[in-house]
A.B. asks: 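Encoded as structure tokens, here's the structure I'll be asking about.
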Amino acid sequence: QNDVPVVSVRIQTLSDAPYGDLEVSSIIAGFFSYFEDVQLMGLIPSFGRVSGGTTVSLVGSGFVNSLNLVCSFGGKLAGLTVLNTYGGKSAICTSPRSESFGSVSFDMRLGDNNQAVTQTLIFSYERMATVHRVLSTVQAKESSAITITGSHFSNSPFLLCRLGANQQTTARWISSSSLLCWQSWNSATSPHNISVEVSNNGVDIASRITRMWSPTDLDSTIESIFPSWGNAMSPTVVSLKGTWQTPLAVPLSAKFGDAIVKCTHPIKHDVTCNAPGGPEGSVKVHVSADGGASFVETGLEFEYVGRAA
């Protein structure tokens, strides 16, 4: 258990006191305990909302309830809970409210005398992400990449989307006002209201937006490719024809077999790509609406004619 000290020693104090004509010696005994040094190595997340209330996980060692440890956010103290499951290597505390945005020092202290017992780390108070609109992008068989626009999106490894009550997925940061998420669905999905939320740090959820969701009107689709064949020894300019419900957040990328190329933004219903040369034969065509991070199958093929050098 975390509250068990590394070692305890017995302390005795001798006291001589007169009792009539006799000198009486008494022994006052007690224990002094040595605990493992408290080590603080990281904060997850290391930033949160200015209104406070961010649950911060502390990574380190030597966390014990007996020490009456507290967290200090720029001098403001907050209670700490040791997670016994992790053998004194994890604890949580909740950030207090801040009067301004910016970074503050963070350390752990002894609650009895406000003495810092760990190194100092940095915790930042940042603006919350705000969701403005939900746009559609390109359809896959069982999921769709969707674009969310808003403000104060952070390029953070903890950036995520929450779609409805049960779907939570990592997000791809495009800019401080745009990101991509993925919505799962199937052909039996019926239109329904769904909430869309964003978190910069994986803990604090931004303001939500609710929209009517339906697979039939959510996504853009790739319908045809022209020409459907090209010279195996040189690039071929091809046009992907589709339906674009809303503008794409980034230019479309296409994959001809294993070769990836950048395409133009849609002009009316067409996206133009340069299919590179390749081995003679047919290859499958995939497209990406997230800058090449993931590709979805279009069901179309491109054929290379002639023999590559």
Side-chain angles (χ1 to χ4, degrees), residues 38-63 65 67-83 86 88-134 147-163 168-181 195-210 249:
V38 180
Q39 301 288 337
L40 177 62
M41 292 178 283
L43 306 176
I44 302 175
S46 60
F47 62 95
R49 55 194 176 196
V50 73
S51 60
T54 302
T55 300
V56 181
S57 296
L58 315 181
V59 180
S61 62
F63 303 155
N65 289 315
L67 291 177
N68 193 24
L69 293 170
V70 295
C71 299
S72 173
F73 293 80
K76 290 187 175 182
L77 302 184
L80 177 144
T81 301
V82 176
L83 303 180
Y86 299 99
K89 296 182 179 180
S90 183
I92 57 173
C93 57
T94 302
S95 65
R97 181 181 180 86
S98 175
E99 285 69 35
S100 60
F101 298 102
S103 298
V104 298
S105 60
F106 178 95
D107 57 44
M108 298 172 67
R109 304 188 176 193
L110 294 175
D112 295 335
N113 56 17
N114 200 25
Q115 177 185 355
V117 293
T118 65
Q119 68 184 83
T120 299
L121 301 180
I122 298 298
F123 183 85
S124 298
Y125 286 97
E126 299 185 356
R127 288 179 170 82
M128 288 278 289
T130 303
V131 177
H132 296 162
R133 295 181 62 195
V134 178
T147 302
I148 298 176
T149 63
S151 57
H152 308 307
F153 296 151
S154 294
N155 189 7
S156 158
F158 304 107
L159 184 67
L160 61 82
C161 299
R162 182 180 295 169
L163 307 173
Q168 184 167 295
T169 177
T170 55
R172 178 179 173 84
W173 185 86
I174 299 173
S175 69
S176 61
S177 59
S178 182
L179 55 84
L180 284 168
C181 293
S195 62
V196 179
E197 301 168 314
V198 173
S199 174
N200 281 335
N201 61 11
V203 177
D204 302 323
I205 296 296
S207 59
R208 69 174 59 185
I209 185 172
T210 302

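Just so we're clear, the structure is a prediction, and the values are computed from it rather than from any experiment. Along the sequence shown, the residues carry numbers beginning at 1.
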A.B. asks: Nearest 0.5 Å, what's the CD1-CD distance between I205 and E197?
C.D. replies: 5.5 Å
A.B. asks: Between atom OG of S98 and atom CD of E126, what is the distance when rounded to the nearest 0.5 Å?
C.D. replies: 12.0 Å
A.B. asks: For a side-chain contact (heavy atoms from CB on, under 4.5 Å) check, start with the C-alpha distance between L159 and V198, then their side-chain angles and the critical distance, and finish with the verdict.
C.D. replies: CA-CA 7 Å; L159 184 67; V198 173; 4.0 Å; yes
A.B. asks: Say whether, by atom type as modelled, one donor and one acceptor occur between the side chain of S156 and the main chain of N200 under 3.5 angstrom.
C.D. replies: yes
A.B. asks: Rounded to the nearest 0.5 Å, how far apart are CD1 of I148 and CG of L180?
C.D. replies: 8.5 Å
A.B. asks: Does any part of the side chain of L110, heavy atoms only, come nearer than 4.5 Å to the side chain of L69, both counted from C-beta?
C.D. replies: yes
A.B. asks: Considering non-hydrogen atoms only, spot the tightest contact between L121 and M41 and give its length.
C.D. replies: CD1-C, 4.2 Å
A.B. asks: How far does CE of M128 sit from OG of S154, to the nearest 0.5 angstrom?
C.D. replies: 10.5 Å
A.B. asks: Step by step, work out the side-chain contact (heavy atoms from CB on, under 4.5 Å) result for I44 and V56.
C.D. replies: CA-CA 6 Å; I44 302 175; V56 181; over 6 Å; no
A.B. asks: Rounded to the nearest 0.5 Å, what separation is found between the OG1 atom of T118 and the CG atom of D107?
C.D. replies: 5.0 Å
A.B. asks: Between P45 and F123, what is the shortest heavy-atom contact and its length?
C.D. replies: O-CE1, 3.9 Å
A.B. asks: Of all heavy-atom pairs between F63 and Q39, which one has the smallest distance, and what is that distance?
C.D. replies: CE2-O, 3.5 Å
A.B. asks: Nearest heavy-atom pair of R109 and A116: which atoms, and what distance?
C.D. replies: CG-CA, 3.8 Å
A.B. asks: Could you walk me through whether C181 and V196 pass the side-chain contact (heavy atoms from CB on, under 4.5 Å) test, one step at a time?
C.D. replies: CA-CA 10 Å; C181 293; V196 179; over 6 Å; no
A.B. asks: Go through the side-chain N and O atoms of S103 and S124 and say whether any donor and acceptor fall under 3.5 Å apart.
C.D. replies: yes
A.B. asks: Quick check for you: to the nearest 0.5 Å, what is the distance between F47 atom CZ and Y125 atom OH?
C.D. replies: 13.5 Å
A.B. asks: Can you list every ring-ring contact (aromatic ring centres under 6.0 Å, His included) pair that touches residues 90-110, not counting sequence neighbours?
C.D. replies: F73-F106
A.B. asks: Which atoms form the tightest heavy-atom contact between V38 and G62, and what is the distance?
C.D. replies: CG2-O, 3.5 Å
A.B. asks: Looking at every heavy atom in both L58 and L80, which two are closest together, and how far apart are they?
C.D. replies: CD1-CD1, 3.4 Å
A.B. asks: Would you sort out whether T54 and D204 count as a side chain to side chain donor-acceptor pair (under 3.5 Å), showing the intermediate values?
C.D. replies: CA-CA 6 Å; T54 302; D204 302 323; 2.6 Å; yes
